[in-house]
*Asks:* 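There's a structure below that I have some questions on.
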Amino acid sequence: MLQRLAVKSRGKSNSNISLSPNRSFSSSSSNIKHLKQLHAKLIRNGGMEDILTVGKLIADVAISNPLNLIYARSIFSKLTYPPNIFMWNSMIRGYAHSSAPKEAIFLYCEMLQKGFLPNNYTFPFVFKACNQLIDLNLGLCVHGTIIKFGFEDCDAFIQTSLVNFYASCGSIESARLLFDRCSQRDVTSWNALIKGYVRSGRYMDVICVFRVMQDRVDIKVDEITMLGVVLACSQLGALEMGRWVHAYIDKNRMKMSMNLGTALVDMYARCGSIDLAVNLFKRMREKDVRTWSAMIGGLAVHGLGKEALSFVADMQKDGIDPDSVMFTYILCACSHAGMVTEGLDFLDKMKEVYNVEPTIEHYGCIVDLLGRAGRLDEALNLINRIPMKPDVVVWGSLLVACRAHKNVEMGEAVAKEMLKLDPNHCGAHVSLSNVYASAGRWSQVDQVRNTMKDHGIKKPPGSSLIELHGVVYEFIAGDRSYPQTAKINLMLDEIARLLSIEGHVPTIKGISFDIDEEEKEQALSQHSEKLAIAFGLINTRQGVPIRIVKNLRVCEDCHSAMKLISKIFDRLIVIRDRSRFHHFKDGSCSCRDYW
DNA sequence: TTAGGGTTAG
């Protein structure tokens with residue numbers, strides 16, 4: 001009956017409304033108007049007694065728009081007969097997708113309390129809510145109910161929901177266990193597993209899972225699989241693998257959606273090949289603010305500030321205005337390129353022209369911008385003036401600037417501010433110790449080190465990734481379990497010899513510990529990027545660029561050494577560190593020693 | 001006798 005009414009009404013009003021579950025909700029305001037008319041007719045015609053029709057009405061109202069949930073709830077609670085499971089599920093589903101996912105859980109509990117039995121449709125909706133709430137204990141209880149009602153082994157949707165739930169909560173081992181136990185796995189189950197590995201930062205595992213998927217004749221990878229794989233490549237900085245994945249997408253004639261294109265642009269930029277990123281970006285026909293952001297953010301971290309701003313102008317010509325995230329990239333572009341005036345100008349225009357309220361992240365970029373330019377007092381003034389409580393990140397930007405511009409007093413004060421906010425902040429402890437070390441105040445260095453020891457605060461080890469023939473190798477500072485140990489050590493000696501001929505003196509002041517000079521030099525030569533560059537030089541042909549991804553900022557000594565290595569060995573060396581890219585060529589770096 | 005799981009930034 002409802003279907004008939006809908007068709008009739010569509011003819012009359014010429015609106016794009018149907019009661020099909022997969023309809024578009026773009027016209028939700030006219031949609032709800034139409035549903036209300038149907039409701040009125042049902043009341044007038046006695047149709048409210050028809051449980052199937054009313055069920056469809058509740059479902060359609062509940063999923064039309066979260067704002068209509070109150071209306072759906074009122075129909076649901078005023079029924080003159082007990083709701084059926086379809087109605088319960090529809091209400092749970094509506095709340096699970098809304099900004100009040102807890103309501104979905106309350107309804108689910110109420111349903112059980114009143115003696116209604118869930119069915120296989122109920123649980124995916126309940127897990128949707130659990131995912132939103134990121135509540136592991138709650139999910140565990142629901143999982144218990146699934147076992148109790150005997151649904152765990154019989155439904156692919158429930159199994160995927162479970163994998164996805166544990167993956168979303170960061171319990172990747174549980175997700176993997178459940179995935180392995182799934183009786184039915186389709187591409188969505190595999191994608192849930194991939195998402196879990198992405199969520200846990202286990203990017204190598206993403207690539208492994210993808211390789212297994214490729215060998216399975218019963219699984220056809222899709223766009224969502226590729227989004228996870230491309231993201232993994234970009235995090236690993238694995239350009240060769242990323243290019244192969246791009247070719248795979250083309251070869252298999254997979255649809256190059258805007259999302260996938262954006263992910264590839266981002267991947268090329270993050271893998272250090274800004275040229276390939278620009279090339280693909282220019283070939284993309286459809287672009288949204290995220291696509292532009294990937295491109296502009298990429299240019300920013302490569303230090304190409306002028307080019308980034310030129311793309312911003314092009315974007316605006318295309319009718320897209322910068323949003324809040326884009327402004328962080330714009331300010332970051334200005335910061336990395338030393339464009340202080342332009343950056344400050346954008347901060348002013350953000351609110352006045354574009355109506356985007358500056359957030360703590362934007363102010364953090366400005367502190368960085370001023371700090372890098374050596375305008376430390378202005379940066380400090382800004383922190384004291386911003387309309388929100390400065391966080392450790394904002395103070396951290398100033399601390400880095402204090403170190404770079406050798407302002408010991410301010411550095412000490414800033415590190416102390418950070419430790420007030422987060423007494424266990426490792427970076428603040430290390431920086432404070434470095435500040436004291438650079439001033440030769442060893443007793444205070446010891447004091448900081450003892451505090452760190454007492455509180456169990458450890459500096460995360462430096463780690464560098466390098467890709468060779470499609471395989472990613474990881475080097476960790478001081479870890480001697482890397483491949484080709486003997487060869488690498490020989491190469492490190494050779495590098496040290498050639499560097500010293502070129503007049504390189506190791507910059508040992510970055511090391512805070514009160515150890516003798518020789519040991520300091522030894523510690524520097526064991527930095528992860530040094531191990532990776534030695535590995536790269538041994539295993540690649542003359543002239544091939546070497547790309548390295550580092551988890552921390554590159555230190556001063558490694559930076560000056562890399563410049564000379566690029567000259568001595570005539571190689572382009574591209575290093576992505578925690579804050580930007582460094583392209584070392586012919587003895588200089590693209591960051592112009594400004595990082 | 002209706003519907004369900006995997007996709008978006010700093």
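Below, all heavy atoms of this structure are taken into account, side chains as well, without hydrogens, waters or symmetry copies. Each chain gets a letter, A, B and so on, in the order its sequence line appears, and its residues count up from 1.
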*Asks:* Below 30° counts as parallel, above 60° as perpendicular, anything between as tilted: where do the rings of A:Phe149 and A:Phe123 land?
*Replies:* tilted
*Asks:* Output the rounded distance in Å from CD1 (A:Ile51) to P (B:dT2).
*Replies:* 14 Å
*Asks:* Taking donor-acceptor contacts at under 3.5 Å, does the side chain of A:Thr160 reach the base of B:dG5?
*Replies:* yes
*Asks:* Is there a side-chain contact between A:Lys287 and A:Met315 in this structure, where contact means two heavy atoms from C-beta onward sitting under 4.5 Å apart?
*Replies:* no
*Asks:* Minimum heavy-atom separation for A:Pro460 and A:Cys426, please, with both atom names.
*Replies:* CD-SG, 3.9 Å
*Asks:* In whole Å, I'd like the distance from the CZ atom of A:Phe165 to the C1' atom of B:dG5.
*Replies:* 14 Å
*Asks:* A:Asn119 has a side chain; which of B:dG6, B:dA9, B:dA3 sits nearest to it?
*Replies:* B:dA3
*Asks:* Compare the minimum distances between each of B:dT2, B:dG6, B:dA9 and the side chain of A:Asp323, then state the nucleotide with the smallest one.
*Replies:* B:dA9
*Asks:* Answer yes or no: side-chain N or O of A:Asn89 and base N or O of B:dG4 forming a donor-acceptor pair under 3.5 Å.
*Replies:* no
*Asks:* Short of 4.0 Å, heavy atom to strand atom, which residues of residues 207-227 of chain A count as contacting DNA chain B?
*Replies:* A:Asp222, A:Ile224
*Asks:* Looking at A:Phe346, does the NZ or CZ of A:Lys349 lie under 6.0 angstrom from its six-membered ring centre and within 45 degrees of the ring axis?
*Replies:* yes
*Asks:* Hydrogens and angles aside, do A:Arg93 and A:Tyr121 bring a side-chain donor and acceptor to less than 3.5 Å of each other?
*Replies:* no
*Asks:* Can you tell whether the side chains of A:Arg176 and A:Asp180 come within less than 4.0 Å, N to carboxylate O?
*Replies:* yes
*Asks:* Tell me whether the rings of A:Tyr268 and A:His246 are parallel (<30°), tilted (30 to 60°) or perpendicular (>60°).
*Replies:* tilted
*Asks:* Assign A:Ser189 to base, sugar-phosphate, or nothing according to its heavy-atom contacts below 4.0 angstrom with the strands shown.
*Replies:* base
*Asks:* Could you work out which one of B:dG6, B:dA9, B:dT2 sits closest to the side chain of A:Thr188?
*Replies:* B:dG6
*Asks:* Does a side chain donor of either A:Asn119 or A:Thr122 reach within less than 3.5 Å of an acceptor in the other side chain?
*Replies:* yes
*Asks:* Let's see if you can work this out: which of B:dA3, B:dG6, B:dG5 has an atom nearest to the side-chain heavy atoms of A:Asp186?
*Replies:* B:dG5
*Asks:* Could you give the CE-to-C1' distance, from A:Met87 to B:dT1, as a whole number of Å?
*Replies:* 12 Å
*Asks:* Going by heavy atoms closer than 4.0 Å, what residues in residues 168-183 of chain A are next to DNA chain B?
*Replies:* none
*Asks:* Just do the ring-ring contact (aromatic ring centres under 6.0 Å, His included) check on A:Tyr329 and A:Phe311 with the steps written out, would you?
*Replies:* CA-CA 12 Å; A:Tyr329 292 138; A:Phe311 272 76; over 10 Å; no
*Asks:* From CD1 of A:Ile63 over to P of B:dG5, roughly how many Å is that when rounded to an integer?
*Replies:* 10 Å
*Asks:* Could a donor-acceptor pair under 3.5 angstrom be found where the side chain of A:Asp155 meets the base of B:dG4?
*Replies:* yes
*Asks:* May I ask you to verify if any side-chain N or O of A:Lys128 is less than 4.0 angstrom from the OP1 or OP2 atom of B:dG6?
*Replies:* yes
*Asks:* Atom CG of A:Asp368 and atom P of B:dG10: how far apart are they, to the nearest Å?
*Replies:* 16 Å
*Asks:* Are any of the side-chain heavy atoms of A:Arg73 and A:Leu107 separated by less than 4.5 Å?
*Replies:* yes
*Asks:* Looking just at side-chain N and O atoms, do A:Gln316 and A:Tyr354 make a donor-acceptor pair shorter than 3.5 Å?
*Replies:* yes
*Asks:* With stacking defined as ring centroids separated by under 5.5 Å and planes differing by under 30°, is A:Tyr121 stacked against B:dA3?
*Replies:* yes
*Asks:* Which one, B:dT2, B:dA9, B:dG4, comes nearest to the side chain of A:Arg290?
*Replies:* B:dA9
*Asks:* Under 5.5 Å centre to centre and under 30° between planes: does that hold for A:Phe86 and the six-membered base ring of B:dT1?
*Replies:* no
*Asks:* Rounding to a whole Å, what distance do you find between A:Trp292:CH2 and B:dT8:P?
*Replies:* 23 Å
*Asks:* Give A:Ser161 one of three labels, base, sugar-phosphate or nothing, depending on what nucleic acid heavy atoms sit under 4.0 Å from its own.
*Replies:* sugar-phosphate
*Asks:* Base, sugar-phosphate alone, or nothing: which one does A:Asp288 contact when heavy atoms must sit under 4.0 Å apart?
*Replies:* nothing
*Asks:* Do A:Ser189 and A:Gln159 have a side chain donor and acceptor closer than 3.5 Å?
*Replies:* no
*Asks:* Rounded to whole angstroms, how far apart are CG on A:Asp60 and C1' on B:dT2?
*Replies:* 10 Å
*Asks:* Side chain of A:Phe157 only, please: which of B:dG6, B:dA9, B:dG4 is the nearest?
*Replies:* B:dG4
*Asks:* A:Phe179 pairs by ring-ring contact (aromatic ring centres under 6.0 Å, His included) with which of A:Tyr166, A:Phe165, A:Trp190?
*Replies:* A:Trp190
*Asks:* Which nucleotide in the list B:dG5, B:dG10, B:dA3 gets nearest to the side chain of A:His362?
*Replies:* B:dG10
*Asks:* Of the residues in residues 257-270 of chain A, which ones touch DNA chain B at a heavy-atom distance under 4.0 Å?
*Replies:* A:Asn259, A:Arg270
*Asks:* To the nearest angstrom, how far is A:Ile58 atom CD1 from B:dA3 atom C1'?
*Replies:* 14 Å
